[in-house]
Peer 1: 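I have a structure I would like to understand better, so I am pasting it below and will then ask my questions one at a time.
In each ligand, atom 1 is the first atom listed, and ligand 1 is the first ligand listed. We count residues from 1, following the sequence as given.
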Amino acid sequence: MKIKVKRYTVPLVGEKNTFFKEKSTKAALAKFIVNTNKFSMGKWCAKFEEAFAILQGRKHCVLFNSGGSANLALIQALQNLGRLKKGDAIGFSALTWSTNVMPILQLGFEAIPIDCRKETLNVDADCAIKHLETHKCKAFFVTNVLGLTGDLDKLKKLCQKKSITLIEDNCESLGTELPAGKAGNFGTASTFSFFVAHHLSTIEGGMVATDDHELMEMLKIVRANGWDRNLHPDRQSHWRAKHGIASDFHAHYAFYDLGYNLRPTEITGFLGHHQLPHLEKSIARREKIFHKIQKTVRDNSHFIPLEHGHIKRVSSFALPFIVKTPKLRNIYLKKFEAAGVETRPIIAGNMIRQPFFKKYSSKKHELPETDMLHHCGFYCGNNPDYTDAQIAIIIACIK
Ligand SMILES: Cc1ncc(COP(=O)(O)O)c(C=O)c1O
């Protein structure tokens with residue numbers, strides 16, 4: 001039996017496009033594949049890491065095979081370094097992706113959801129700190145949602161004051177800038193995703209950015225089986241001496257701490273490096289579409305307008321809408337569907353309503369604002385390749 005797939009006029013993910021500048025990227029990729037002799041992690045991954053670190057303004061970047069892997073590796077690395085201990089409570093933004101929360105549970109921590117404001121989709125620093133303190137959280141894995149953020153500067157200062165390690169899931173906000181700096185540069189480390197439809201696509205891929213040298217080294221150990229092969233020779237000597245491994249014969253197969261195989265391929269590195277020069281144009285186009293849509297939203301009293309005045313540059317990931325009641329959401333979802341515009345919940349709604357969370361966390365939490373977003377929010381895509389006609393269709397739906 002043939003399964004019918006609905007074709008949308010305005011799909012969430014570009015149906016034709018995996019990459020911004022699709023045609024030239026595919027041609028470059030084909031040439032790379034024909035000419036390279038090495039596909040496993042190597043010089044192209046390193047080149048992409050270096051270029052991304054410069055772009056983001058961070059000292060170190062470590063490339064992974066997905067954003068979810070970057071999240072897992074970051075929590076594992078902090079645990080390996082003893083900065084987080086099994087049983088510690090870790091806060092997370094209740095509006096996030098599954099693989100932001102899952103490593104917290106998988107690695108034996110207590111996962112504490114923090115409510116997200118309906119006007120910003122993100123946490124509010126004062127409110128977050130209050131809950132982080134109540135639950136004695138040792139770390140906060142904040143998510144910068146859909147290219148928007150909360151008051152990250154204040155959050156950073158408050159976390160520092162209370163000795164809470166702040167880490168950022170910036171998988172949806174590459175390029176977003178606040179007056180105090182780029183999203184992804186407020187925490188000890190931040191993660192990025194390069195999955196299709198993200199600001200930069202390597203098909204699959206992820207990154208951790210940090211200024212912390214010790215953490216960078218541990219991330220490399222975690223990424224590749226727990227061994228030292230991707231460390232600087234001086235550091236390999238350090239690890240080998242520390243564990244009394246004298247011969248190269250054994251050193252090549254010495255596993256120093258808990259890890260996985262989360263390595264990217266050279267295809268990831270090549271694509272990332274190739275896409276990077278196009279990123280600025282892609283962000284600028286997404287930003288323009290976002291502001292155009294927000295202008296229309298502000299004129300319709302069914303909608304709650306988004307607050308983004310505190311953000312210097314919104315590197316929009318998707319176009320979120322919050323209406324005042326669940327009934328209104330049904331009406332608008334039908335309107336969008338009839339116009340051929342694909343929609344979905346805001347990320348995945350309130351994470352604590354997900355079956356996996358209920359299974360592994362029994363504590364009760366009140367999250368009124370995230371619940372409101374769960375019942376009254378939705379989003380459609382924002383794609384730099386959208387035509388004016390496609391944008392006009394979205395605008396017609398919200399007028
Ligand atoms: C906030 C957030 N974190 C993590 C991820 C996981 O990224 P990936 O799909 O590359 O594993 C996503 C995916 O879209 C995301 O939205």
Peer 1: Less than 4.0 Å between a side-chain N and a carboxylate O, is that true for D228 and R240?
Peer 2: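 A salt bridge links R240 with D228.
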
Peer 1: Does D169 reach ligand 1 with a nitrogen or oxygen that is under 3.5 Å from one of the ligand's nitrogen or oxygen atoms?
Peer 2: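 Yes.
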
Peer 1: What part of N71 sits under 4.0 Å from ligand 1 if we count only heavy atoms: the side chain, the backbone, both or neither?
Peer 2: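 The part of N71 near ligand 1 is the side chain, not the backbone.
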
Peer 1: Give yes if a backbone or side-chain nitrogen or oxygen of S193 is under 3.5 Å from a nitrogen or oxygen of ligand 1, and no if not.
Peer 2: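 In this structure, S193 places an N or O atom under 3.5 Å from an N or O of ligand 1.
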
Peer 1: For ligand 1, is there an N or O atom under 3.5 Å from any N or O atom of G67?
Peer 2: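 The answer is yes, given that G67 and ligand 1 share an N or O pair closer than 3.5 Å.
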
Peer 1: So which of E172, E204, M207, H198 gets nearest to atom 13 (C) of ligand 1, if we judge by its closest heavy atom?
Peer 2: H198

Peer 1: Centre-to-centre under 6.0 Å for H308 and F290, is that the case here?
Peer 2: yes

Peer 1: How far is atom 5 (C) of ligand 1 from the closest protein heavy atom, and which atom is that?
Peer 2: W97 CD1, 3.4 Å

Peer 1: Please say which of L29, T25, V196 ends up in a side chain to side chain contact (heavy atoms under 4.5 Å, CB included) with T18.
Peer 2: V196

Peer 1: Can you measure from NE2 (H199) to CZ (F20) and round to the nearest 0.5 angstrom?
Peer 2: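 It comes to 12.0 Å.
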
Peer 1: Which pair of non-hydrogen atoms, one from I304 and one from V323, has the smallest distance, and what is that distance?
Peer 2: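 That would be CD1-O, 4.3 Å.
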
Peer 1: By number and element, which atoms of ligand 1 are closer than 4.0 Å to a non-hydrogen atom of G68?
Peer 2: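 Listed by number with element: 6 (C), 7 (O), 8 (P), 11 (O).
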
Peer 1: Is the side chain of E204 donor-acceptor paired with the backbone N or O of N65 at a distance under 3.5 Å, no angle test?
Peer 2: no

Peer 1: Heavy-atom pairs closer than 4.0 Å: do any link ligand 1 to the side chain of T143, the backbone, both, or neither?
Peer 2: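 Side chain only.
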
